[in-house]
Structures are given as C-alpha cells and as structure tokens.
There are 2 protein chains.
Amino acid sequence: MSATPNPKQTPNLGDIARALGVSVATVSNALSGKGRVSASLVPRIREMAETMGYVPSQAARALRTGKSGVLGLVLPDIASPLFPQIAQAIERAASASGYGILIADSRGDVSLQTEAINRLIERGVDGLIIVPRRGTRIASMDIPFAVIDSPSTPGNTVSADHWQGGGLVGAHLAALGHRKILLIGNNPASNVQNDRIGGIRASLAGAASIEVLWIEQHEAQHGIGALLGLAEAFTRGTTAFAAVSDLHALRAMTELHRANIRVPEEATIIGFDDLFWASAITPAMTTVRMDMPRIADIAIASLIRTIDGKSGDDIGENARIPMSLIVRQTCGPAPSIISPSP
Amino acid sequence: MSATPNPKQTPNLGDIARALGVSVATVSNALSGKGRVSASLVPRIREMAETMGYVPSQAARALRTGKSGVLGLVLPDIASPLFPQIAQAIERAASASGYGILIADSRGDVSLQTEAINRLIERGVDGLIIVPRRGTRIASMDIPFAVIDSPSTPGNTVSADHWQGGGLVGAHLAALGHRKILLIGNNPASNVQNDRIGGIRASLAGAASIEVLWIEQHEAQHGIGALLGLAEAFTRGTTAFAAVSDLHALRAMTELHRANIRVPEEATIIGFDDLFWASAITPAMTTVRMDMPRIADIAIASLIRTIDGKSGDDIGENARIPMSLIVRQTCGPAPSIISPSP
DNA sequence: CTGAAAGCGCTTACAG
DNA sequence: CTGAAAGCGCTTACAG
C-alpha cells in the first residue's frame, strides 16, 4: 500500500524530511517544539511522523545530548518485603517525569552493591536512586544520586520519619493502657530499626516497661526459626508486642496463636510497613506505613533537579517524611492485671 | 598529575588512541577483542583504558550497532506478591547475560499494559519480557518478546507447570488421608489459578470430596475482608484447606486460629508460591514453589536467541517448568472421622 | 522561518 | 597488523 518501495522498518527524521521536502533540522524542531518553525508546517510534520510511525532513536538522542533519560535504581533485595513498594513508587514517579528505571539488585551484599552501581553507570544512567543495604554508607560519586532511607552524604537523603513512626506506635499502645511491652527487632545494626525502636521508647518513657528482642541474636543462640519465647513473655505480664516490621509482627501473632493466646483480646500486636497481606489476615494487622509515593516523588524530583544542574545535590535538608498509623484489629486495650483471665 | 591539561571527565576511544599514538579502530579492536591486533599492543591498550578510567558509551554503541543491551520487563503489579520474585530472577538472568532490565508496571490495567510496552519500545529495548495481567493475551509485536505464565502467541511462553504443582498438593493431601478438602482460589478468570485447582482435582479424583471457594465472589457477596466461613466448613468435616496462593493460605490459617481450630493438628493448610514470610510463621507454611531461576533463564535465553536472530521466536514448545513441594508444618494427617477430638 | 553542516563516540568493512 | 573513513540518527549553533 505504501508508495515508497521497501521502506525501512523504522523511519527516521530524514525519511520524514524527504517525504515533506524539508530539512531534518526543521523536522527535529517541529517535533521538539524548540526552534521556530512556521505554524503551517508543524502540524503537517507531526502528522507525517505519526502516519509513518516515527519513533525517535533514544540512542542517537542520548549520544547527542549526553542524557539517556534513564535512572538507575539500586535495591538490596527486590524480593524481600517493602522493596517492591519502593520500586513501584519510584517507577511511577520516574515515568511521570519521563524517565525510565533500570534496576539492579545488590543481593544484600556490599561489594555487589558497588558492582551494581558501576553496571548502571556503564549503561549510561543519568542518575541513581540508592536504597543501601543496611548499615552501608554511600560515598560521594561522580554521578548525581539520591539515597532512600539511610544516612549518606549529608543533603541527599529522603526517608520516612521512622522515629516519628515509632512515636505513633508508642502513643497508640499507651492510650490502650499497655504497661509492659516487648519490642521485636531483627538486627540492631539497622538504622531504620533503631529509629523505630528509639521512637517507641521515647514516646513511652516512664509510661511502660520495655524490653527489646533482637531476632537475629535470638536465632544465633537458639537456631533459625526457633520460637521467640513470646508465650513466656506473656505469662510474665507482657501485654503488647511491637515489631519493627509486619513480617515479625506476623511471626509474633502466629506464635501467640500457637500458644492459645488470643489477639487482640489477651495480647496486642502492632507492626510496621503495611505489607501486602497485612489487611488480609484475621485479625487484620494494625501497622504504621511510610508514604512511599511522597518519598519517591521527592527523591526523583531532587535527582532530576541535580541532573539538570538546577541545584547543588540537595534534597531539602535531608527530608524526613511522616509515617501514618493504620488502625486495624490486632491492638486492643490492655487486659487488667488484676483479673488476668476470667 | 595527568600529562594532558584539563582532561575531559570521561575519556573516549580517541583519548586512549592519542595517548598511545594508535588509531581509534585499533583501540576499539583491542578492547573488544574482535579485529586482529598485535599481541604486544593489546595489553598496553587495556592498561591505558583502565588507568584513564575509560567507560564505553552505551549510547554510541547502541546507535552504531542498533542494539541497546537492555530488555524491558512488563509486570502487572510490582508490589504484589510473587512478582518481586520474578523480577529478581529476571534481573539476575539478564545481567548474567550482559543485559540490563528496564521495568514498567502496568498496574493491573490492560490499557496501561499496552502503554507500558510502548514506553519501553520507545526507550529502545532490544526485547521484552511480559508477565501479562491475568487473562490478557499478548498479540504479536514487531519486537522480540517472551511471555511468562500466560498463554500467548504459541511458542514464546515459559511458565511453571501449575497443573503438575496442583498434582503435588493433591498427592500430599491424599497421602495424609484427607477426604474432604476445600480449595481456595481468588478469581476463576485466572489461568494460573485454574490450572492449580485443576491439577489438585485431577490428582484427587475419587479419593476425596472437593469444594472450591472463590474469594472474590465471596467478597462480592459478603463484603471485602469478610470471614471465609472456614470454621463452618471445618465443622462440616473439611480437614484440609488448599489455597492457590500462600496469601490465601495465610488468611485461612489465621481465620482457623481465630476459631480455635489448631493447625496442623485439627486442620491442614497448604499454599502456593513460598512467599517471603511462609517459612517465618508458626507453624511454617507447607507450599509449592515455582523454579523462578529456571523460568527466568529460559525466558531470557530464548529472548536473546531471537534478538540475535538465531531462532524463530521459539521457547522450546512453550516450556512448562515443574514446581516443587516444600514440606513444612501446616500439613498433618487427617484427624480420624470416628474420634473427632479426644 | 529554514537549511547545511558539524559532531556526539562508536564499530565495521575496506585499503594498505 | 593497522589506519582512514563512513555512518548510525539526532540536536544545535550558525548562516541565510
């Protein structure tokens, strides 16, 4: 049907120019809307590009402009909870700004993290979003980057305000009358976990007695998958269990159930992150969640700003985004100490 | 320290060539190992590239060769269970083959899926891995692609053998002596879920009475988050609950716990997919999992083969990869009908 | 307003 | 074995 015999699979600016008898510069200008082009020509060029099925060559554009339009996302472990939420929010924010996202999984390994970063740089990304492996500190680099949820070079980190989130947990538990609370963390080397626990502690100061159980330490002693001793804590008077992640809150809940301790009637449980299944279980998990879309928007916006050279690598004094409490069913009032069970 | 005053930030082939007094063609050949270059020159060129911190320009290479070295991954919803596992496996397989992965989330929407595919194509990916939204059929495209876990153009699909996986469940349950089983699915429009359920049914034919509960239908009637009536099913004699996903198995388990029915002593539960938390709960979930690394390897290998023009868009007659049973603690022998509870 | 031309950095026949 | 040259498709000063 086409007039041109044996047309190339992918038309380029030259093909459009030829078809219209104008120059490629004019076509380029018309399509990008940058240079001045006569008002009458613009629609004709646009139409022709459309009908020919023109798709600009990213490679040529990138070579010419030095910008790939792609951002790299470095994650410690795509498959573990929470990171998918981050990845999704980042992908949305980036694509809303016209950027693509190239992913790299550092598999929780520090050296692989460096390698992943290099791989991404070699692929020509314009900037990097890094969610560092716990405890890692990202040194400065010669490419714009933003860090999520871990301290780094001052000025380019966005994170949830985990301390404030912890405060939400503490306040909720205090309001419910709990006086003896077990905090459940995984690893004390995690800044995020320490902030959450610190926030809970601070908001509960004096109002409740608090103990902390670190799962990794506990498992190092008792073996992977060992019971956490929650039933025992319960018999010693603990009425509330606050975990730094829904994952551990779930583990706590199933362990209590296993010991015939009812949630929330006898024991209260609260978690963090609102993981995918948190609302589907019975009882549904009360939790505190991060504002991922906002975190992603800030990280991406700041990154793009520094890519465009409009800012000094700054995220607005290390943004800390408030978390919010999602009240569901695992929290109840503290059972009276006087009458433990009817 | 450098001899050249004010060197560019990123050296290119020309810089290396100049530094060594050879041509760019020779440098290119030495670095790629393609053309013949004298044995003595190769190491010198390599070293110089190294010390100058040479990073090849993907953009230029892509423009010249017409290949970007990047594959697109289209997912229905990065944040929902299982997809992160897929994304991770795909990323690993791709990067092992020297490819990068650009992600696009179609947010469970069919039109966004098309849009996501186009966005990826415009970014110049060499091929596409598509995990279609349930029920979607991917039409042929002018770019190489492979489909995971959904029927499509015959010949380019890899998927887990969900039917066989269902068989594993049925056999396990039968061996344990269960005679009345409730199957729990979410949506009957899902091919994956239907295959799993079909496989369970087929392997149990005649050996047990089977009912199916579709959660979406149930919730349409009783409201989102409504109890599934599992306790009632239990009192009617159901001893085993087999869900098409650990997510629903978890929901079932918590619902039974809530009704004081003990797992696995009184009721058996089994799921699918070995989601992240499946091994952390108490009791740990017995489940059937897909061989993601293998599925990813096959999809990527086949895709690369068709990109390189070495095959006719074929994945080896629609590969179906066996699933495997992971026995943990939620399954127990069927309690004798004669003496329901001691 | 429009076009001719240069050039981004690379790879690949083609001469020598 | 080595090099000069063309060309991938685009954008951007610069003339006209």
Side-chain angles (χ1 to χ4, degrees), chain A residues 7-46 48-49 52-70 98 121-126 308-309, chain B residues 7-46 48-49 52-70 98 121-126 308-309:
Chain A
K8 284 184 301 187
Q9 308 127 342
T10 37
N12 58 28
L13 287 188
D15 296 326
I16 299 176
R18 221 166 298 121
L20 254 29
V22 298
S23 76
V24 294
T26 298
V27 176
S28 173
N29 286 332
L31 258 24
S32 69
K34 286 200 164 176
R36 279 109 295 284
V37 182
S38 67
S40 63
L41 223 39
V42 174
R44 287 181 55 211
I45 291 176
R46 292 242 160 104
M48 181 57 78
M52 293 178 77
Y54 171 68
V55 175
S57 157
Q58 280 301 323
R61 189 173 280 174
L63 177 56
R64 181 58 231 239
T65 63
K67 302 272 167 247
S68 63
V70 173
I121 291 177
E122 282 174 11
R123 291 211 178 280
V125 298
D126 295 336
D308 293 345
Chain B
K8 286 182 300 185
Q9 306 127 342
T10 37
N12 58 29
L13 288 187
D15 297 324
I16 300 175
R18 220 165 299 120
L20 255 30
V22 298
S23 76
V24 296
T26 298
V27 176
S28 173
N29 285 332
L31 258 24
S32 69
K34 286 201 162 175
R36 280 103 300 281
V37 181
S38 68
S40 62
L41 223 40
V42 173
R44 286 182 56 211
I45 291 176
R46 292 242 159 103
M48 180 57 78
M52 293 180 76
Y54 171 68
V55 175
S57 158
Q58 280 303 322
R61 191 174 277 173
L63 177 56
R64 181 58 232 241
T65 64
K67 301 270 168 247
S68 63
V70 173
I121 292 177
E122 282 175 11
R123 290 212 177 280
V125 298
D126 295 336
D308 293 344

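Throughout, a chain's letter reflects where its sequence line sits, starting with A, and its residues are numbered from 1. These numbers were taken from a predicted model, which means no experiment stands behind them.
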Could you check how far [atom1] of [X] sits from [atom2] of [N], rounded to whole Å?
| X | N | atom1 | atom2 | result |
| --- | --- | --- | --- | --- |
| B/Gln58 | D/dC8 | CD | C1' | 15 Å |
| A/Leu20 | C/dT2 | CG | P | 11 Å |
| B/Arg36 | C/dG16 | CZ | C1' | 15 Å |
| B/Lys67 | C/dG9 | NZ | C1' | 19 Å |
| B/Arg18 | D/dG3 | CZ | P | 14 Å |
| A/Leu31 | D/dG9 | CG | C1' | 13 Å |
| A/Glu122 | C/dG9 | CD | C1' | 16 Å |

- request: Under the side chain to side chain contact (heavy atoms under 4.5 Å, CB included) rule, what do B/Val70 and B/Arg123 come out as? Steps first, then yes or no, please.
  value: CA-CA 9 Å; B/Val70 173; B/Arg123 290 212 177 280; over 6 Å; no
What pairs of donor and acceptor atoms, side-chain ones from residues 23-31 of chain A against any protein atom, are under 3.5 angstrom apart with sequence neighbours left out?
from	atom 1	to	atom 2	distance (Å)
A/Ser23	OG	A/Ala25	N	3.4
A/Ser23	OG	A/Thr26	N	3.2
A/Ser23	OG	A/Thr26	OG1	3.1
A/Asn29	ND2	A/Ala25	O	3.2

Taking all heavy atoms of [X] and all of [Y], pick out the closest pair and write down the distance.
| X | Y | result |
| --- | --- | --- |
| B/Val55 | A/Glu122 | CG1-CG, 3.8 Å |
| B/Ala39 | B/Pro43 | O-CD, 3.0 Å |
| A/Ala62 | A/Ser68 | CB-CA, 4.1 Å |

Where do N or O atoms of nucleotides 10-12 of chain D meet protein N or O atoms at under 3.5 Å, pair by pair?
from	atom 1	to	atom 2	distance (Å)
D/dC10	OP1	A/Tyr54	OH	2.4
D/dC10	OP1	A/Ser57	N	3.4
D/dC10	OP2	A/Leu13	N	2.5
D/dT11	OP1	A/Arg61	NE	2.8
D/dT11	OP1	A/Arg61	NH2	3.3
D/dT11	OP2	A/Ser28	OG	2.9
D/dT11	O2	A/Arg64	NH1	2.2
D/dT12	O4'	A/Arg64	NH2	3.3

field: All pairs passing salt bridge (charged side-chain N to carboxylate O under 4.0 Å, His left out) where residues 22-35 of chain A contributes a residue, at least two apart
entry: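 Output for this query is empty, none listed.
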Position toward the 5' end of DNA chain D (nearest nucleotide), B/Val37 or B/Leu63: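 Mapping each residue to its closest nucleotide by heavy atoms, the 5'-most match is B/Val37.
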task: Flag the pair A/Ile45 / A/Met48 as yes when at least one side-chain heavy-atom distance between them is below 4.5 Å, and no otherwise.
output: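 Heavy-atom side-chain distance check fails, nothing below 4.5 Å.
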message: Suppose we screen for side-chain hydrogen bond (donor to acceptor under 3.5 Å, both in side chains). Which residues come up paired with B/Arg18, at least two apart in sequence or across chains?
response: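 Only B/Asp15 meet the side-chain hydrogen bond (donor to acceptor under 3.5 Å, both in side chains) criterion with B/Arg18.
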- prompt: According to a 3.5 Å limit on both distances, what stems of 3 or more consecutive Watson-Crick or G-U pairs are formed with DNA chain D?
  reply: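 Result, WC/G-U stems under 3.5 Å: C:1-3 with D:14-16, C:5-12 with D:5-12, C:14-16 with D:1-3.
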- prompt: For the side chain of A/Ser23, counting heavy atoms from C-beta on, which of D/dA4, D/dG9, C/dG3 is nearest?
  reply: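 My answer, after comparing the listed nucleotides, is C/dG3.
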query: Residues two or more places apart in sequence or in another chain: which of them pass side-chain contact (heavy atoms from CB on, under 4.5 Å) with B/Arg64?
result: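 Here no residue qualifies.
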